[in-house]
Amino acid sequence: MAFGLLRPARRKFGVCAKSAAAVLLCFRHQGRAWREKLTKKTCGAARVADVGAAIELNGWVNRRRDHGGLIFVDIRDHEGVTQIVFDPQHPAFAQAETLRHEDVIRVHGAVRKRPAGTQNAKLRTGEVEVAVAELFIHSRSTVPPFPIAGDEAVDENLRMEYRYLDLRRPRLQRNMRLRHNMVKAIRDFFDDRGFIEIETPMLIKSTPEGARDYLVPSRLHRGTFYALPQSPQLLKQILMIAGFGRYMQIARCMRDEDLRADRQPEFTQLDVEISFCTQEEVLELMESAMKFAWKRALGEEIVHDFPRLQHADAMQRYGSDKPDLRFGLELREVSEIFASSEFKVFRAQSDDPKGAVIGVRYPGGAALSRRDFDALTEVAKQFGGKGLVWIALGAGETKSSAAKFMTEENVSALRSALDAQTGDALLLFADERSAALAVAGKMRNEVAERCGLRDPQRFAFAWVTDFPLFERDEETGAPTPAHHPFTAPRDDQWDLLDRNPLAMRAQHYDLVLNGWELGSGSIRIHNAEFQRKIFALLGISGEQIEDRFGFFLRALDYGAPPHGGMALGIDRLAMIAVGEENIRDVVAFPKNQAARDMMMDAPSHVPDRLLRELSLQIKDETGK
RNA sequence: GGCGUUGUAGCUCAGUUGGUUAGAGCGCCGCCCUGUCACGGCGGAGGUCGAGGGUUCGAGUCCCUUCAACGUCGCCA
C-alpha cells in the first residue's frame, strides 16, 4: 500500500525543478527565433503543409506507446488527435516516461513529415507528427474508471456518475457537436425568414391540464408556487396577440412524469408560432426547416416532400398515429374473410361492427418454429393484445395455430389480401377494431425490427393531419382534448361543437420521423368566446376558467390575430439524426430512469433553514 | 405501482449437472524495448461473485427477500 501512495504523490509534482531546468536548456538550444514563430494549433490541425512549422499543442494523453528508446503519445482535444514524438536525447524524455492516460499537457515542437511507411491513414493528422521540444504538464489524471479513447460499452451507472469522462469519448463528442449543428441550422433558418427568438419565463403559473408540473415554492408569497413550464404554449400565443408575428425559441420544458428511453423530465423544444397563417403554411415552413437542418448538419439532401397521412388513415393502415414509413408491411383488415368461419373468436369480431380482424405480413416468417410463434404471442400480449393467430406459408405445407378452423379458401384469401408469398407468415389479431389495430401496429414494428427493416441511416419523415379534436376519456366517457384545449377545429365544423363534439376534426398536425413523434402543432383558437365554449365543454367551471386562464382569455379579448404553430422535440430529433436509440446520448447531463442526476446526486435534501424561509415542512418522506 | 432484462477484478465478459485455490482480454504497477499507432516482450498486484437470509456436507451456481441500472406498461393536455 505504501507504494500505492508514493507513486501518485511523486507524479503529482512531476513538474519539478529538474524538468524546469530542462525547459530552459531546451529554449537556449532552439534559440529565440524559433520560439517567436510558435503558433498555437488544435490537435486536429497539423498537415503536410505545416511541415517545418513550430507549433504548440494542448490536450489530453489519448494513448502512449513507449518503445523504451522512443515514446509516441497521441494528444487529443476537441478537434482531433496528433502523434507527438519524444526523442531519448531530449531533456523532456524523462517527463514523457511519466505520462499516463488523460494527463493534460502542452507541447511545443516542430511539425515533421512521418518517415515513409509510418503514416496513419486513420488520422486526419496521420501524415505528420510533432517532434517535441518542450513538454509542460498542466495536470495529472488518476486512472479513469473506464477507457476514454474508444467507444466500448460501459455500464450506464458509471457513465452518468462520471459524465465528464463519458462526454470526452468520441461518441458523445460527435453527438453533442451534431446536435449543436442542427440547432444552429434551425436558428439560422428561422432568422433568415424573419422570425425572432424570444425567451419566455421559467417561473410561471401552474395550469391544471396535461402533465404533472414541477413546482417551485415562493419565498415572498408563502404557501404559493410557481410551476416550471411544460411548454411555452400560452406565452407564445400571447406573443402573437402582442404583435410579434413570427416567433421561435429553443425552449426548455419540464414535465414531472416517468421517464422512457425517449423521454427526459427536462427537454428542449423548437417552439414556433406564426400570425395570420394557414395550416398549409406551417407544414411547408417546418418541412423546409427540417430539410435545411438535414442538409447543413448531416450533409443529406431530402428531395421528396414528406408524405401526408390523415389520422384515420394512419390508424387504419399502420395502427399508429406515428407510423414508421421506412418500410411497408401495411396492416389489412381481413374481417370479412371470417364472416362465415367456424372460428368462433374471429367470427364474433367479424360480425360485430365494432370488432375487426387485422392482419400483418411477416416476411420470411414461415421459417419460425412453433416455439418462436409462442414467444411472438407473448410479445403480442405485452403489447396489450389478447394473443395472435399465426399462419406459416411454408414451401411444402401451411401451418397455423388455428389450423383446425382455417379452410384453404381462408388461407388463400388471406394470402392475397396481405400480398404474402410462400415463405412468409401471417399474423392475425382479432379484437375491438381500435385495439386490434393498435396491437397489429406494434407488431408491425416488431416484425420490421426482426427483419432488419428499421435502418437507422434512413430518415422517413411524415405528416399526420386531421386529428380528432377530442377523444373520449376512457374512465368518464367525457370529451378530452386530443392535443390541447387551444386547438382550433376545422373552420367548417364549429357547428358540431354542441351536437357532436367527438366527430370534430382539428387543425392539428404531427410530424413523425421513423416511427417517433417529433412534435405537434395546430392552428389555435383566437376567439375568446369560442375558447370559453371549449373550456366549458371540457367541464371546467366558469370560476376555474377565470382562475386558471383568465389572463389568457383577457388577452384574446384585445384583438387576437389568427395564429398557429408547432413544437418539435430537439432531443428526439438529434437522437434520430445521430442514430442513437436513447435520448440520454444526445443530452450532456441527463437524468437516469428514476429522474436522478447521478453526477451531482440531485435531487437532494436541503438545510432546514431554507425550508423555513419557504414555510415548508417535510411531513413524511415515504409519501404514504 | 406492474412486468421483463442485467448485476462476477478498475472496464468488458466467461464460469459446465452445486464440488479442490473463481478465470480471460483490456486497463493498472514494475522491468525490457528507437518507428509505433489497439505497439510488443517478461513479471506482478487486484475479487464482500450487488446486499441479506435460506436449502445443502458443500452455493458464483438452487430458493426467498431486497437494492441498483436499463427496457416496458400505466403516465406523458
Side-chain angles (χ1 to χ4, degrees), chain A residues 1 3-4 6-8 11 62-75 81-90 93 97 100-102 112 114-123 125-126 129 131 142-162 165 207-213 230-231 233-234 253-265 267 378-379 381-384 442 467 469-471 473-474 479-487 506 508 517 520 522 534-535 538 540 569 581-582 584 591-594 596 598 623:
Chain A
M1 202 59 215
F3 280 111
L6 270 176
R7 172 74 192 163
R11 292 188 57 215
N62 200 47
R63 283 206 172 86
R64 185 181 62 114
R65 293 173 293 281
D66 186 346
H67 288 234
L70 191 66
I71 299 172
F72 299 101
V73 170
D74 292 338
I75 180 172
V81 167
T82 301
Q83 171 167 289
I84 61 177
V85 188
F86 293 88
D87 195 85
Q89 280 85 53
H90 197 278
F93 191 81
E97 284 182 314
R100 294 295 182 272
H101 285 130
E102 302 309 309
R112 72 184 181 205
R114 293 199 192 189
T118 66
Q119 293 90 348
N120 184 351
K122 289 184 217 159
L123 292 180
T125 59
E129 62 191 10
T142 49
V143 178
F146 51 82
I148 309 300
D151 274 330
E152 44 279 278
V154 174
D155 181 69
E156 290 263 357
N157 265 322
L158 270 181
R159 290 179 58 195
M160 284 194 272
E161 186 179 343
Y162 296 93
L165 297 182
T207 53
E209 320 286 328
R212 197 173 292 116
D213 281 325
Q230 295 179 26
S231 83
Q233 181 62 35
L234 287 176
C253 307
M254 292 82 179
R255 295 179 190 173
D256 187 4
E257 296 292 347
D258 285 359
L259 285 74
R260 289 288 184 278
D262 64 333
R263 259 167 35 196
Q264 282 276 304
F267 56 99
E378 283 309 306
V379 173
K381 285 179 181 166
Q382 277 168 27
F383 289 159
K442 286 176 186 166
F467 277 72
L469 185 60
F470 301 109
E471 288 164 349
D473 187 298
E474 283 188 20
T480 139
H483 182 36
H484 56 51
F486 317 107
T487 304
H508 164 197
E517 180 194 320
S520 288
S522 60
I534 296 282
F535 284 141
L538 295 172
I540 308 174
E581 289 182 347
N582 197 299
R584 290 188 300 272
K591 310 264 188 294
N592 75 3
Q593 196 172 45
R596 296 196 63 85
M598 309 263 291

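Note that this is a predicted model, so its numbers are computed, not measured. Chain letters run A, B, ... following the sequence lines, proteins first and then strands; every chain starts at 1.
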Applying the Watson-Crick and G-U wobble criteria at under 3.5 Å, what pairs with [N]? Answer none if nothing qualifies.
N: U6(B); result: A68(B)
N: U21(B); result: none
N: C49(B); result: none
N: G35(B); result: none

Is His67(A) stacked on the base of C39(B), meaning ring centres closer than 5.5 Å and planes within 30 degrees of each other? yes
Has Phe72(A) got its ring stacked on U36(B), by the test of a centre gap below 5.5 Å and a plane angle below 30°? yes
Measure the spacing between [atom1] of [X] and [atom2] of [Y] and express it to the nearest 0.5 Å.
X: Arg159(A); Y: Arg584(A); atom1: CZ; atom2: CZ; result: 8.0 Å
X: Asn120(A); Y: Gln83(A); atom1: CG; atom2: CD; result: 7.5 Å
X: Phe470(A); Y: Ile534(A); atom1: CZ; atom2: CD1; result: 4.0 Å

d([atom1], [X]; [atom2], [N]) in whole Å:
X: His101(A); N: C11(B); atom1: NE2; atom2: C1'; result: 12 Å
X: Ile148(A); N: C26(B); atom1: CD1; atom2: C1'; result: 14 Å
X: Asp66(A); N: G35(B); atom1: CG; atom2: P; result: 13 Å
X: Gln230(A); N: C75(B); atom1: CD; atom2: P; result: 16 Å
X: Gln264(A); N: C75(B); atom1: CD; atom2: C1'; result: 16 Å
X: Asp87(A); N: U36(B); atom1: CG; atom2: P; result: 16 Å
X: Glu581(A); N: U72(B); atom1: CD; atom2: C1'; result: 14 Å
X: Arg114(A); N: U36(B); atom1: CZ; atom2: P; result: 10 Å

With a 4.0 Å cut-off, would you call Arg65(A) and Asp74(A) a salt bridge? yes
Looking only at the side chain of [X] (C-beta and beyond, no hydrogens), which of the listed nucleotides [options] gets closest?
X: Ala261(A); options: G71(B), G27(B), A69(B); result: G71(B)
X: Asn120(A); options: A69(B), U34(B), C37(B); result: C37(B)
X: Arg260(A); options: C73(B), C76(B), C37(B); result: C73(B)
X: Arg112(A); options: G35(B), C29(B), A69(B); result: G35(B)
X: Pro145(A); options: A69(B), C39(B), G10(B); result: G10(B)
X: Val143(A); options: G27(B), C37(B), C76(B); result: G27(B)

Looking at every strand, decide which applies to [X] at a 4.0 Å heavy-atom threshold: base, sugar-phosphate, or nothing.
X: Asp155(A); result: sugar-phosphate
X: Leu158(A); result: sugar-phosphate
X: Glu129(A); result: base
X: Ser520(A); result: nothing
X: Pro115(A); result: base
X: Gln119(A); result: base
X: Glu156(A); result: sugar-phosphate
X: Asn157(A); result: sugar-phosphate

State which residues pass salt bridge (Lys or Arg N to Asp or Glu O under 4.0 Å) with Arg596(A); sequence neighbours excluded, sorted by chain then number. Asp601(A)
With sequence neighbours left out, write down each residue that passes salt bridge (Lys or Arg N to Asp or Glu O under 4.0 Å) with Lys442(A), or none if nothing qualifies.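 Lys442(A) satisfies salt bridge (Lys or Arg N to Asp or Glu O under 4.0 Å) with no other residue.
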Donor-acceptor pair (no angle test) under 3.5 Å: [X] side chain, [N] base:
X: Asp258(A); N: G74(B); result: yes
X: Gln89(A); N: U34(B); result: yes
X: Arg263(A); N: G74(B); result: no

Taking atom [atom1] in both [N] and [M], compute the distance separating them and give it to the nearest angstrom.
N: U20(B); M: G2(B); atom1: C1'; value: 45 Å
N: A14(B); M: G44(B); atom1: P; value: 27 Å
N: G40(B); M: G35(B); atom1: P; value: 15 Å
N: G50(B); M: U8(B); atom1: C1'; value: 10 Å
N: G46(B); M: C63(B); atom1: P; value: 33 Å
N: G15(B); M: G25(B); atom1: C1'; value: 15 Å
N: U61(B); M: U56(B); atom1: P; value: 16 Å
N: G27(B); M: A9(B); atom1: C1'; value: 11 Å

Shortest non-hydrogen separation from Ala261(A) to Asn582(A) and the atoms involved: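 Of all heavy-atom pairs spanning Ala261(A) and Asn582(A), the closest is O-OD1, 3.6 Å.
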Nearest-nucleotide comparison on RNA chain B, the residue closer to the 5′ end among Ala594(A) and Arg255(A): Ala594(A)
Taking for each residue the nucleotide of RNA chain B with the nearest heavy atom, is it Leu70(A) or Phe146(A) whose nucleotide lies nearer the 5' end?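 It is Phe146(A), whose closest nucleotide lies nearer the 5' terminus.
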Side chains of Ile71(A) and Arg64(A): closer than 4.5 Å at any heavy-atom pair? yes
Short side-chain N/O contact to [N] OP1/OP2 from [X], under 4.0 Å:
X: Lys381(A); N: C73(B); answer: no
X: Arg159(A); N: C11(B); answer: no
X: Arg65(A); N: C39(B); answer: yes
X: Gln83(A); N: U36(B); answer: no
X: Arg584(A); N: G71(B); answer: yes
X: Asn582(A); N: G71(B); answer: yes

What class does the angle between the rings of His508(A) and Phe467(A) fall in, given that below 30° is parallel, 30 to 60° is tilted and above 60° is perpendicular? parallel
